[in-house]
> 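Before we start, here is the structure in question, set down as structure tokens.
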Amino acid sequence: MSTRRPVPHLLLVSLAAFGVAGCSTSGGGLAPAPAANVSLPASPSQVASAGKVPDYCPQVALREGTAILRKGAGDSIDYVASITGTTRSCRERDGEYLMEVGVSGRVVPGPVSKGGTVNLPVRVAIVDNGKVVYSQLGQQGVLLDSNGGAINFSYVDRAIRFAVPVGRNLTIYAGFDEGPAPTGGAAKTASRR
């Protein structure tokens, strides 16, 4: 008689998504962000074509105020999105540092949600010794059902390239970024970079 318990389907789908991305996982940063340790082995030909894996690959940090994105306030909340995990991988090839940085999280519809697709603004920025060497704002669409519950999402920036750093002074930031705060005293929902 087996005592193994079945793994929930959602967990398997989440693990598969990050395994396919080929990223090693790191959690946290400035705000707590739990993450699962997931990676799938790559074949020798995949590793060779991708470059060499360096002995230094910094953790991903979430700046204060960028882990939660709230649309609306009080009883007029459309949705609340939160980042629950981060991941990154690093490679060196032809004098360049190649990275993939990802975030995972969930979106919860609010009382005034009408459903449909919402676009989450996710920024990945990399700072080397105080100088920004990469910054890109991406969008992740999430389809909400106004009568449904929380929806999981994942976003991966695979286009990161910059010169191989001289030391070990890289900081990777990831989080929600709606850009400059509106004028006229309106409350901001995500911190600016």
Side-chain angles (χ1 to χ4, degrees), residues 7 11-69 81-106 120-140 142 152-179 190-193:
V7 178
L11 176 61
L12 289 176
V13 170
S14 297
L15 293 177
F18 279 109
V20 170
C23 298
S24 60
T25 306
S26 68
L30 301 179
N37 290 321
V38 178
S39 63
L40 296 178
S43 71
S45 63
Q46 288 174 322
V47 173
S49 68
K52 74 173 190 167
V53 176
D55 61 354
Y56 170 64
C57 190
Q59 301 290 316
V60 179
L62 299 174
R63 283 189 171 158
E64 187 175 339
T66 65
I68 296 176
L69 178 64
S82 59
I83 294 174
T84 58
T86 61
T87 177
R88 88 285 188 248
S89 70
C90 303
R91 298 179 310 267
E92 286 183 28
R93 183 177 66 207
D94 301 328
E96 285 189 311
Y97 215 63
L98 313 173
M99 298 182 74
E100 293 183 358
V101 174
V103 299
S104 62
R106 53 193 256 150
L120 305 176
V122 180
R123 180 173 299 279
V124 174
I126 301 174
V127 178
D128 185 3
N129 237 359
K131 178 184 173 191
V132 176
V133 295
Y134 180 86
S135 180
Q136 184 66 40
L137 181 63
Q139 298 285 324
Q140 180 61 50
V142 179
N152 293 328
F153 74 90
S154 62
Y155 170 85
V156 181
D157 184 342
R158 293 182 172 91
I160 304 169
R161 287 180 159 67
F162 54 92
V164 173
V166 175
R168 295 181 173 218
N169 299 309
L170 291 179
T171 305
I172 305 169
Y173 294 109
F176 295 122
D177 185 359
E178 291 188 294
S191 295
R192 290 180 285 165
R193 305 269 184 287

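The chain is numbered in sequence order, starting from 1. Side-chain atoms are counted along with the backbone in the values below, which use heavy atoms only and exclude waters and symmetry mates. All of these numbers come straight from a predicted model, not from anything done at the bench.
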> Heavy atoms, side chains only, cut-off 4.5 Å: are Val124 and Met99 in contact?
no
> If only atom types and distance count, is the side chain of Tyr173 paired as donor or acceptor with the main-chain N or O of Val127 below 3.5 Å?
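No; zero donor-acceptor contacts below 3.5 Å.
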> What distance separates Asn169 CG from Lys131 NZ, expressed to the nearest 0.5 Å?
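Nearest 0.5 Å value for the CG-NZ distance: 13.5 Å.
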> Among Val103, Leu120, Ile83, find the residue that satisfies the side-chain contact (heavy atoms from CB on, under 4.5 Å) test when tested with Tyr155.
Val103
> Side chain of Arg88, backbone of Cys57: donor and acceptor closer than 3.5 Å?
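Yes: the side chain of Arg88 pairs with the backbone of Cys57.
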> Looking at every heavy atom in both Ile68 and Ser82, which two are closest together, and how far apart are they?
CG1-CB, 4.2 Å
> Can you name the side chain to side chain contact (heavy atoms under 4.5 Å, CB included) partners of Pro54, sequence neighbours left out?
Cys90, Glu92, Tyr97
> Would you compute the distance between atom CD1 of Ile160 and atom CD of Glu96 and round it to the nearest 0.5 angstrom?
12.5 Å
> Can you name the one residue among Val166, Leu170, Thr171 that meets side-chain contact (heavy atoms from CB on, under 4.5 Å) with Asp128?
Leu170
> Distance from Arg63 atom CZ to Phe176 atom CZ, nearest 0.5 Å?
16.0 Å
> Within this structure, what is the CD-OG1 distance for the pair Glu178 and Thr66, rounded to the nearest 0.5 Å?
12.0 Å
> Are Arg161 and Asp94 ion-paired here, with the side-chain N under 4.0 Å from a carboxylate O?
no
> Roughly how far, to the nearest 0.5 Å, is CD1 of Ile172 from OH of Tyr134?
11.5 Å
> Does the side chain of Pro121 reach to within under 4.5 Å of the side chain of Leu69, using non-hydrogen atoms?
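Yes, at least one pair of side-chain atoms sits under 4.5 Å.
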